[in-house]
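Following: one structure in structure tokens, then a few remarks.
Just so we're on the same page: letters track the sequence lines, and every chain starts at 1.
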Number of protein chains: 2
Amino acid sequence: MGEKITSYMVAKRAGVSQSAVSRVFKPGSSVSEKTARKVRKAAEELGYRPNTLARAMASGRSRIIGLVVAYFENQFYPEAIEKLANTLQANDYHVLMFMSWDETEAPETVINDLLDYQVDGIIAASVGVTDVLTKRCEAAGIPVMLFNRHQNDDKLSAVTSDNFTGGRKLAEFLVRGGHERIAHVAGWDGASTQRDREAGFLSGLAAHGMTLFARSCGNFHRDQAQEAARVLLRAEVRPDAIFVSNDHMAFAVMDVIRSEFKLRIPEDISIVGYDDVAMSEWPCFDLTTVRQPTNRMAEETVRILLQMIENEESLPCRIALDGPLVVRGSARLPVDE
Amino acid sequence: MGEKITSYMVAKRAGVSQSAVSRVFKPGSSVSEKTARKVRKAAEELGYRPNTLARAMASGRSRIIGLVVAYFENQFYPEAIEKLANTLQANDYHVLMFMSWDETEAPETVINDLLDYQVDGIIAASVGVTDVLTKRCEAAGIPVMLFNRHQNDDKLSAVTSDNFTGGRKLAEFLVRGGHERIAHVAGWDGASTQRDREAGFLSGLAAHGMTLFARSCGNFHRDQAQEAARVLLRAEVRPDAIFVSNDHMAFAVMDVIRSEFKLRIPEDISIVGYDDVAMSEWPCFDLTTVRQPTNRMAEETVRILLQMIENEESLPCRIALDGPLVVRGSARLPVDE
DNA sequence: CTGAAAGCGCTAACAG
DNA sequence: CTGTTAGCGCTTTCAG
């Protein structure tokens, strides 16, 4: 069992050449309706399916996209990956997953694996792409897209949400809510998302003549975020609001505030996050946050990547999509004037 | 840019035949140390890397495993997938992701894609594998593993946790906690996990001469679980404990209980779940549950699959791994006697 | 141990 | 539009 049906066998049965069969299965080829019918019939009867690998080999296009990920812990990524994979699938591409151990560096071996598989393109989500990766991919002519991150490298295309503006919106909102001691639990400083969100936030505060009351770093990890929250709350004077750099850490912070410090949210302290992952809406958290437009981000990422694959000359581009402030119950509301 | 370095080029530079190069890069081939050194040196200088696709083509082994998934909404799956991907990667295999839209059926097109890519094996997580898939894969000689599900089909290998025993443990625990009106929020009946957990739970109750006080179905989805909870709680007489079929739904149920019915957990009602996903430990939920040994499940799944790939004759096998009851604060504790 | 030669299954010019 | 002819880059007998 498991006898492979080749295009050659189909050709013989249909009484045409092997290349005719190939053409019938390649969208956009010129074949007469008559030949196509014969071929399709024979293929059907034999249960023929074109071999993607052979096709990749011969054409130099694998229709495989390498997706480099890490940090599934943060719900945002599973959600995003699901959408990326679906969008890619709708375009007849598929995702080869590469787990990267380290947030700061895509190890040499992952890059090698990626290249060895002759992927047509790469999407890097949540990994700092090292120069090495960039250079090797450029040399190999493989386009790279950064998802939810950008780097100073001009040759890299990136899709993010507009983190600066989002941060600013959050600051506006807290200030209008009458908060006076606004603190920040930051993520990893190496990430552009962190830097942009914080910069936007600070600029929002500055616009009202305010500055950060306190700052503590959670590095985007739950346990570190909890520790960061403890530091903030053990202080002589406590903040009356905290902007946590992503929802994932915000949940951690909220847990600490309620279970360890017995404070109420938002009566005693307001919390806002960033991402709007599914859980943020759950009554237990009911988190005010900025939504990342994951669907559109995935669509744009795929669109740009495919364009780069099809059109060698297309220039790298960086896109920042706007996301709305989602007001829920975790932060005191502005008093309408 | 992007000039491909082939084994032939390496061969020329090293002054050996192309097949010599091939042998050097194939683990376990017989090459003299001298040749190997020359080849490795030339390869290094040229920056040569073997082309996985060409290798797949020639050898008939792609080292690609198709992973069919859906339902990322439930944290259990991202966690499991991460582990599966890592384990596979450690064995020099990689994961091609296939998103399946429908929980009940792996659509025709997914199967085709899978087969077209010449995957060496398939892991189906969270999809009811239709007979079609099974048959086609068998015909193609591709081994299939079910992850966290089993089917009546004897030809399919499956790795699950011991859901029956787990369900039983939960029943024991609730009974010993003195609960008298024990209800169940069920998942999708088409899933073996649901049937096994419930059967074990019922048998546990029966052992103490008890039966289910009420039952309502949430189909493993958050919104349906919430509705199921409402039905249970709007009844004349409310349950004093609920076994929810997985943690994902348990969170939904807890949210409804607290925010809509203003009841306290566990003072007014006890909740237990199943899976022990990361969130279950969060103070906000602090859920008593049965742990699925995800790491071991992933390891076993990979081990068996690779064995089937390497050894055509290895028989299908079904494994159910034991998982511990994890006691936290969401259910009243048994009074020690 | 090593080289030569024959493919793996398909695509892509190239004539016709 | 169609068949012929080369490969894609590697593995794998098979002699030597």
Side-chain angles (χ1 to χ4, degrees), chain A residues 2-40 42-43 46-64 92 112 115-120 140-141, chain B residues 2-40 42-43 46-64 92 112 115-120 140-141:
Chain A
E3 38 213 319
K4 307 268 178 205
I5 316 294
T6 69
S7 59
Y8 179 73
M9 298 163 72
V10 177
K12 220 167 71 177
R13 182 179 190 108
V16 298
S17 77
Q18 183 271 331
S19 25
V21 177
S22 174
R23 288 193 185 98
V24 171
F25 283 92
K26 182 185 161 113
S29 294
S30 42
V31 211
S32 73
E33 187 47 48
K34 195 175 136 212
T35 310
R37 231 192 341 265
K38 281 195 296 188
V39 169
R40 262 193 274 274
L46 258 33
Y48 169 77
R49 301 243 78 218
N51 178 328
T52 311
L53 260 33
R55 176 177 282 180
M57 174 101 253
S59 68
R61 297 235 159 285
S62 61
R63 301 199 80 82
I64 294 179
D92 256 307
N112 284 341
L115 264 29
D116 294 355
Y117 270 103
Q118 312 295 111
V119 297
D120 286 346
Chain B
E3 36 211 323
K4 307 269 180 206
I5 316 293
T6 69
S7 60
Y8 179 73
M9 298 164 72
V10 176
K12 220 167 72 176
R13 181 179 191 108
V16 297
S17 75
Q18 183 271 330
S19 19
V21 177
S22 173
R23 289 191 185 101
V24 171
F25 284 92
K26 184 188 160 108
S29 293
S30 42
V31 211
S32 73
E33 187 46 47
K34 196 175 134 212
T35 310
R37 233 195 337 268
K38 281 194 296 190
V39 168
R40 262 193 275 274
L46 258 33
Y48 168 77
R49 302 242 79 220
N51 179 328
T52 311
L53 260 34
R55 176 177 283 180
M57 174 102 253
S59 68
R61 296 235 159 286
S62 62
R63 301 199 79 83
I64 294 179
D92 256 306
N112 284 342
L115 264 27
D116 293 356
Y117 270 103
Q118 311 294 113
V119 298
D120 287 345

Subject >> Residue pair A:D120 / A:R63: nearest heavy atoms and the distance that separates them >> reply: OD2-N, 2.7 Å
Original post:
Stepwise, does the side-chain contact (heavy atoms from CB on, under 4.5 Å) test hold for B:R13 with B:L46?
Top reply: CA-CA 9 Å; B:R13 181 179 191 108; B:L46 258 33; 3.2 Å; yes
Subject >> Touch class at under 4.0 angstrom, heavy-atom based, for A:V21 against every strand present >> reply: nothing
Original post:
Looking for any heavy atom pair under 4.0 Å, which part of the strands does B:V31 touch: base, sugar-phosphate only, or nothing?
Top reply: sugar-phosphate
Please check if the side chain of [X] supplies one atom and the backbone of [Y] the other of a donor-acceptor pair under 3.5 Å.
X     : Y      : answer
B:T6  : B:M9   : yes
A:S62 : A:Q118 : yes
A:S7  : A:Q18  : no

Tabulate protein N/O versus nucleotide N/O from nucleotides 6-10 of chain C, keeping only pairs under 3.5 Å, one per line.
residue	atom	partner	partner atom	Å
C:dC8	O2	B:A58	N	3.3
C:dC10	OP1	A:Y48	OH	2.6
C:dC10	OP1	A:N51	N	3.2
C:dC10	OP2	A:S7	N	2.4
C:dC10	OP2	A:S7	OG	2.8

Original post:
Are the side chains of B:V16 and B:K38 in touch, meaning some heavy atoms are under 4.5 Å apart?
Top reply: yes
Taking 4.0 Å as the cut-off, does a side-chain nitrogen or oxygen of [X] come that near to OP1 or OP2 on [N]?
X     : N     : answer
B:K34 : C:dT2 : no
B:T35 : C:dC1 : no
A:S32 : D:dC1 : no

Subject >> Contact list for residues 17-31 of chain B, test salt bridge (Lys or Arg N to Asp or Glu O under 4.0 Å), sequence neighbours left out >> reply: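 As it turns out, there is no salt bridge (Lys or Arg N to Asp or Glu O under 4.0 Å) pair with a partner in residues 17-31 of chain B once direct neighbours are skipped.
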Sort me out a list of protein N/O and nucleotides 13-16 of chain D N/O pairs below 3.5 Å, or just none if empty.
residue	atom	partner	partner atom	Å
D:dT13	O4	B:R23	NH2	3.4

Subject >> Nearest-Å distance for atom pair CG/P, residues B:L46 and D:dG9 >> reply: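 After rounding, the reported distance stands at 14 Å.
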**OP:** Among A:V24, A:V21, A:T35, A:V10, find the one that has a side-chain contact (heavy atoms from CB on, under 4.5 Å) with A:R40.
**Re:** A:V24
